[in-house]
Student: 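My structure is below; once you've seen it, I'll send some questions.
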Amino acid sequence: MKKTLLFATLLSFALFSCGEKSTTTETQTETHVSGDSSSASSVSVNRSKTTSGIIDTYLAVKDALVADDVATAAAKSADLVSALKTYDIAGSQANDPEELERLQVEATGFAEKLATADIAAQRESFQALSVVMKDMLKIAGTDRTLYHQYCPMYKGNTGGMWLSANEDIKNPLFGSFMLTCGRVEETLELN
């Protein structure tokens, strides 16, 4: 009975604290849950079709992690690795090809680590990949608006982020455990 009560208390705390963004005082706390992007910043990115395959496969891995589907996430990671490796930096006409190449190599390394049967390891690699992908797409451009989403509860409350094609929060870092935990931090909008 005590364990059940303790678990219920901890779960309640986690659900109520998820998505809160505190400003300088307690009375100024704003809550951003399930896609509320009213205070999210916006970044303008170049329109580019050259990253479509990378984005499509990244989102497929994200969706598999949202569904707690280890096997699909691992299988889709192979497609993502292939898309990253075959990405043509010269053809992208990016204004910082050296940085883009560095990010491509780093993203490929994280994507390769997704090919595991351990969902916790997949989620950790996916979060690291997401940080690199956001930076990469800011340079390379995108073919669609993307939402940088953030969950403050991930990794012992140090937080974690991912990219999504829509504002609704579907958390790949927790999956069904805390599916809607998070908020939109930034919108990558097309020029």
Side-chain angles (χ1 to χ4, degrees), residues 43 45-151 154-155 158-166 168-179 181-182 184-190:
V43 173
V45 295
N46 291 327
R47 181 177 299 272
S48 174
K49 296 260 185 223
T50 63
T51 56
S52 295
I54 294 170
I55 296 168
D56 290 343
T57 54
Y58 169 88
L59 293 173
V61 172
K62 178 193 73 80
D63 291 344
L65 292 173
V66 164
D68 302 322
D69 187 343
V70 179
T72 300
K76 294 294 181 183
S77 73
D79 296 336
L80 180 55
V81 168
S82 177
L84 284 162
K85 284 184 175 181
T86 60
Y87 177 67
D88 179 18
I89 293 173
S92 72
Q93 300 178 350
N95 55 355
D96 193 350
E98 293 83 19
E99 178 64 4
L100 189 55
E101 183 177 8
R102 185 191 70 75
L103 293 168
Q104 177 189 26
V105 169
E106 193 174 348
T108 302
F110 288 126
E112 287 171 340
K113 292 180 181 178
L114 290 165
T116 178
D118 179 354
I119 197 161
Q122 284 179 327
R123 288 182 165 139
E124 190 167 326
S125 295
F126 183 77
Q127 195 288 142
L129 169 67
S130 297
V131 173
V132 176
M133 285 289 296
K134 181 182 78 156
D135 293 342
M136 184 176 168
L137 293 174
K138 283 182 176 181
I139 296 171
T142 179
D143 64 345
R144 65 199 92 176
T145 297
L146 293 170
Y147 300 90
H148 161 193
Q149 298 178 338
Y150 175 79
C151 175
Y154 181 68
K155 201 109 165 136
T158 60
M161 62 84 55
W162 65 95
L163 297 172
S164 179
N166 55 57
D168 294 335
I169 302 295
K170 299 285 189 229
N171 188 327
L173 305 179
F174 282 115
S176 62
F177 180 66
M178 286 199 283
L179 185 61
C181 180
V184 175
E185 286 281 298
E186 185 175 56
T187 303
L188 305 178
E189 294 191 62
L190 300 175

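The analysis underlying the following values was restricted to heavy atoms, covering all of them including side chains, and did not include hydrogens, waters or symmetry mates.
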Student: For Ala83 and Thr57, which heavy atoms make the closest approach, and how far apart are they?
Tutor: CB-OG1, 4.0 Å

Student: Check whether any side-chain N or O of Gln149 sits under 3.5 Å from a backbone N or O of Leu163 as a donor-acceptor pair, and report yes or no.
Tutor: no

Student: Is there a side-chain contact between Leu129 and Leu80 in this structure, where contact means two heavy atoms from C-beta onward sitting under 4.5 Å apart?
Tutor: yes

Student: For atom CD of Glu124, decide whether the heavy atoms of other residues, nucleotides or ligands shown that lie under 6.0 angstrom number more than 12.
Tutor: no

Student: Run the ring pair (Phe, Tyr, Trp, His ring centres under 6.0 Å) test on Phe126 and Phe110 for me, step by step, so that the C-alpha distance in whole Å, both residues' side-chain angles and the decisive distance to 0.1 Å come before the verdict.
Tutor: CA-CA 7 Å; Phe126 183 77; Phe110 288 126; over 10 Å; no

Student: Grab the two heavy atoms, one from Ala111 and one from Ser77, that are nearest each other, plus how far apart they are.
Tutor: O-CB, 3.7 Å

Student: Could you give the distance from CZ (Arg47) to CG (Leu190), rounded to the nearest 0.5 Å?
Tutor: 4.5 Å

Student: Is there a side-chain contact between Ser164 and Lys170 in this structure, where contact means two heavy atoms from C-beta onward sitting under 4.5 Å apart?
Tutor: no

Student: For Thr142, check side-chain hydrogen bond (donor to acceptor under 3.5 Å, both in side chains) against everything at least two apart and list the hits.
Tutor: none

Student: Please find the pair of heavy atoms, one from Phe174 and one from Cys151, that lie closest to each other, and give the distance.
Tutor: CE1-SG, 3.6 Å

Student: Determine yes or no for a side-chain-to-main-chain donor-acceptor pair under 3.5 angstrom, with Ser125 supplying the side chain and Ala121 the backbone.
Tutor: yes

Student: Considering residues, nucleotides and ligands other than Glu101, do more than 12 of their heavy atoms fall under 6.0 Å from its CD?
Tutor: no

Student: Hey, is NZ on Lys76 packed in by over 12 heavy atoms from elsewhere, all under 6.0 Å?
Tutor: no

Student: Keeping Gln104 on the side-chain end and Tyr87 on the backbone end, is there a donor-acceptor pair under 3.5 Å?
Tutor: yes

Student: Side-chain contact test, heavy atoms from C-beta onward, threshold under 4.5 Å: evaluate it for Asn171 versus Val66 and give yes or no.
Tutor: no

Student: For Asp68, enumerate each residue passing the side-chain hydrogen bond (donor to acceptor under 3.5 Å, both in side chains) test, keeping only those at least two apart in sequence or located in another chain.
Tutor: Arg123, Ser176

Student: Could you tell me the separation between the CD1 atom of Ile54 and the CG atom of Leu59, rounded to the nearest 0.5 Å?
Tutor: 12.0 Å

Student: With side chains defined as the heavy atoms from C-beta onward, is the minimum distance between Trp162 and Ile169 less than 4.5 Å?
Tutor: yes

Student: For Val61 and Ala73, work out which heavy atoms get closest and say how close.
Tutor: CG2-O, 4.1 Å

Student: With no hydrogens and no angle check, is any side-chain donor or acceptor of Ser92 less than 3.5 Å from a backbone partner on Ile89?
Tutor: yes

Student: Compile the donor-acceptor pairs under 3.5 Å between side chains in residues 134-141 and protein atoms, sequence neighbours left out, one pair per line.
Tutor:
unit_1 : atom_1 : unit_2 : atom_2 : d
Lys138 : NZ     : Glu186 : OE1    : 3.3
Lys138 : NZ     : Glu186 : OE2    : 3.4

Student: Looking at every heavy atom in both Ser130 and Tyr58, which two are closest together, and how far apart are they?
Tutor: OG-OH, 2.6 Å

Student: In plain terms, say whether Arg144 and Asp56 are close enough for a salt bridge, that is, a side-chain N and a carboxylate O under 4.0 Å apart.
Tutor: yes

Student: Spell out, as yes or no, whether a donor-acceptor pair under 3.5 Å connects the side chain of Thr187 to the backbone of Glu189.
Tutor: no

